[in-house]
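Accompanying notes for the structure given below.
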Number of protein chains: 2
Amino acid sequence: MSSDTTEQTDAVIVGLLFAAVQAVHVHFEHVASRYGLTVQQAKFLRSLEGPQPMRAVAVQNSCDPSNVTGVIDRIERLGLVQRTPDPSDRRVRLLSLTAEGRRVRRKIDSELDHVPALAGLSAHERSELARLLALV
Amino acid sequence: MSSDTTEQTDAVIVGLLFAAVQAVHVHFEHVASRYGLTVQQAKFLRSLEGPQPMRAVAVQNSCDPSNVTGVIDRIERLGLVQRTPDPSDRRVRLLSLTAEGRRVRRKIDSELDHVPALAGLSAHERSELARLLALV
DNA sequence: TATTGTTATACTCTATAACTATA
DNA sequence: TATAGTTATAGAGTATAACAATA
């Protein structure tokens, strides 16, 4: 057991961070697949708020714009997202969730509120973890 | 029971966890690519300790054994890993780092010890973060 | 000329299933 | 029969470059 005084290197923290994410990832994947979505598709779905251009979604998910086309294609095929032309700039396509898309996103969000890997943490540990992660 | 801090839901922590990982991921990717490696290849490299069967590597990285073949193929092509037959069971191939592989891994590890995203944390915050992440 | 979204291309990662060579 | 590793296959995500439509 590491004590409060043990110094931790970045590499150790990075290792722990990846391990922690993997534990959470398993649950995320399980939840997403229940709705026929991959993790990435679920992330895109969660990042969609109001109607916004593809470009904005690319920035939000820090990926190349050419990726957005494909990922959105697959979510759109499931009827969760729709593309509508922007009247003020006909180059732009605005993305927005369908009613079904909003329903699925709400369900996913609520299921993410019961992550087994986080069940062992006390209220104080949660807030402390949240505070520290926010610093990263 | 409630302390001076706000209570955090799982979803909030998951969001912060993913955000923190993304911040670290950028650095990891940068370091790995400097040695011609992808993030996944660098992870495999770091997970290799003594000579061990492919199977063990698959378990360690929690992926299907069929993946290991391809990823190791690519690292092997770079001369960082080698496959040697196990005398006690001729079905098994033992994986081990080459001298060059050990050198690269050491370098990567040392570069991971200076993660910009973690620079703002104090020694106490680091050990506390490490402790909490270990609980997840 | 510059920008938005798309397409074409190529590569990596991923799991499933079938295969081989051993055990 | 069972197991270790491979191969074949298919799909998803990724970036780069070239493209059409629009600004």
Side-chain angles (χ1 to χ4, degrees), chain A residues 18 21-22 25-26 28-30 32-48 51-78 80-96, chain B residues 18 21-22 25-26 28-30 32-48 51-78 80-96:
Chain A
F18 278 128
V21 152
Q22 189 174 18
H25 203 266
V26 170
F28 199 130
E29 204 164 13
H30 184 69
S33 75
R34 205 173 312 172
Y35 299 95
L37 298 171
T38 66
V39 166
Q40 196 61 10
Q41 288 163 8
K43 279 186 186 170
F44 269 62
L45 193 72
R46 295 186 77 211
S47 79
L48 280 174
Q52 51 193 320
M54 314 274 291
R55 214 79 186 179
V57 176
V59 172
Q60 242 175 60
N61 293 84
S62 51
C63 72
D64 193 87
S66 63
N67 284 331
V68 180
T69 301
V71 177
I72 294 297
D73 276 353
R74 291 182 272 278
I75 311 181
E76 191 182 29
R77 214 177 297 144
L78 297 173
L80 306 182
V81 179
Q82 57 191 357
R83 282 178 241 233
T84 53
D86 181 344
S88 70
D89 184 343
R90 282 153 61 202
R91 291 174 303 181
V92 174
R93 306 231 190 167
L94 296 174
L95 296 177
S96 55
Chain B
F18 278 128
V21 152
Q22 191 175 14
H25 203 267
V26 170
F28 200 129
E29 205 163 13
H30 184 68
S33 75
R34 206 174 311 172
Y35 299 96
L37 298 171
T38 66
V39 166
Q40 196 59 11
Q41 288 163 10
K43 280 187 188 171
F44 269 62
L45 194 72
R46 295 186 75 213
S47 79
L48 280 174
Q52 52 193 319
M54 315 273 293
R55 215 79 186 178
V57 176
V59 171
Q60 241 175 62
N61 294 83
S62 51
C63 71
D64 193 88
S66 63
N67 283 331
V68 180
T69 302
V71 176
I72 294 297
D73 275 353
R74 291 182 274 277
I75 311 180
E76 190 181 31
R77 215 177 295 144
L78 298 173
L80 306 181
V81 178
Q82 57 191 357
R83 283 178 240 233
T84 53
D86 182 344
S88 71
D89 184 341
R90 281 152 63 203
R91 293 173 303 180
V92 173
R93 307 231 191 165
L94 296 174
L95 297 177
S96 55

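Keep in mind that what you see is a predicted model, and the values were worked out from it rather than measured. First the proteins, then the strands, lettered A, B, ... as listed; each starts at 1.
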### Task
Name the residue closer to the 5' end of DNA chain C, choosing between A/Arg91 and A/Gly70 according to the nucleotide with the nearest heavy atom.
A/Arg91
### Message
Without decimals, in angstroms, what is the distance between B/Asp73 CG and C/dT12 C1'?
### Response
13 Å
### Task
Please state how far atom CD in A/Gln52 lies from atom P in C/dG5, giving the value in whole angstrom units.
11 Å
### Message
Check whether B/Ser33 reaches the backbone of B/His30 with its side chain - one donor and one acceptor, N or O, closer than 3.5 Å.
### Response
yes
### Summary
Residues A/Ala32 and A/Ala42: closest non-hydrogen pair is CB-CB, 3.9 Å
### Query
Ignoring hydrogens and geometry, is there a side-chain-to-backbone donor-acceptor pair from A/Asp64 to A/Ser66 under 3.5 Å?
yes
### Query
To the nearest angstrom, how far is A/Gln41 atom CD from D/dA12 atom P?
7 Å
### d(CD1, A/Ile75; C1', D/dA12) in whole Å
12 Å
#### Entry: Shortest non-hydrogen contact between B/Leu94 and B/Pro53, atoms and distance
CD2-N, 3.7 Å
### Task
May I ask you to say what B/Arg90 touches in the nucleic acid, namely base, sugar-phosphate or nothing, with a heavy-atom cut-off under 4.0 Å?
sugar-phosphate
### Message
Side chain of A/Gln40 only, heavy atoms from C-beta on: which candidate in C/dT12, D/dT14, D/dG5 is closest?
### Response
D/dT14
### Query
Among C/dG5, C/dT22, D/dG13, which nucleotide sits nearest the side chain of A/Thr38?
D/dG13
Restricting to nitrogen or oxygen on both sides, can you table the protein-nucleotides 15-20 of chain C pairs closer than 3.5 Å?
| from | atom 1 | to | atom 2 | distance (Å) |
| --- | --- | --- | --- | --- |
| C/dA15 | OP2 | B/Asp64 | N | 2.9 |
| C/dA15 | OP2 | B/Asn67 | ND2 | 2.2 |
| C/dA15 | N7 | B/Asn67 | OD1 | 3.4 |
| C/dT16 | O4 | B/Ser66 | OG | 2.9 |

### Query
For the pair made of CZ in B/Arg93 and P in C/dA23, what is the distance, rounded to whole Å?
13 Å
### Query
B/Arg83 has an atom CZ; how far is it from atom P of D/dG5, in whole Å?
10 Å
### Query
Given side chains that start at C-beta, do those of A/Met54 and A/Val57 come closer than 4.5 Å, heavy atoms only?
no
### Query
Atom CG of A/Asp86 to atom P of D/dA21: distance rounded to whole Å?
19 Å
## Note on the structure
With the side chain defined as heavy atoms from C-beta on, A/Arg74 is closest, among D/dA12, C/dG5, D/dT22, to D/dA12
### Query
How close do B/Phe28 and B/Val39 get, heavy atom to heavy atom, and via which atoms?
CE2-O, 4.1 Å
### Atom of A/Arg83, atom of A/Thr69 and distance for their closest heavy-atom approach
NH2-O, 4.0 Å
### Message
Rounded to whole Å, how long is the line connecting atom CZ of B/Phe44 with atom C1' of C/dT12?
### Response
12 Å
#### Entry: DNA chain D: 5'-proximal contact among A/Val39 and A/Pro87 (nearest heavy atom)
A/Val39
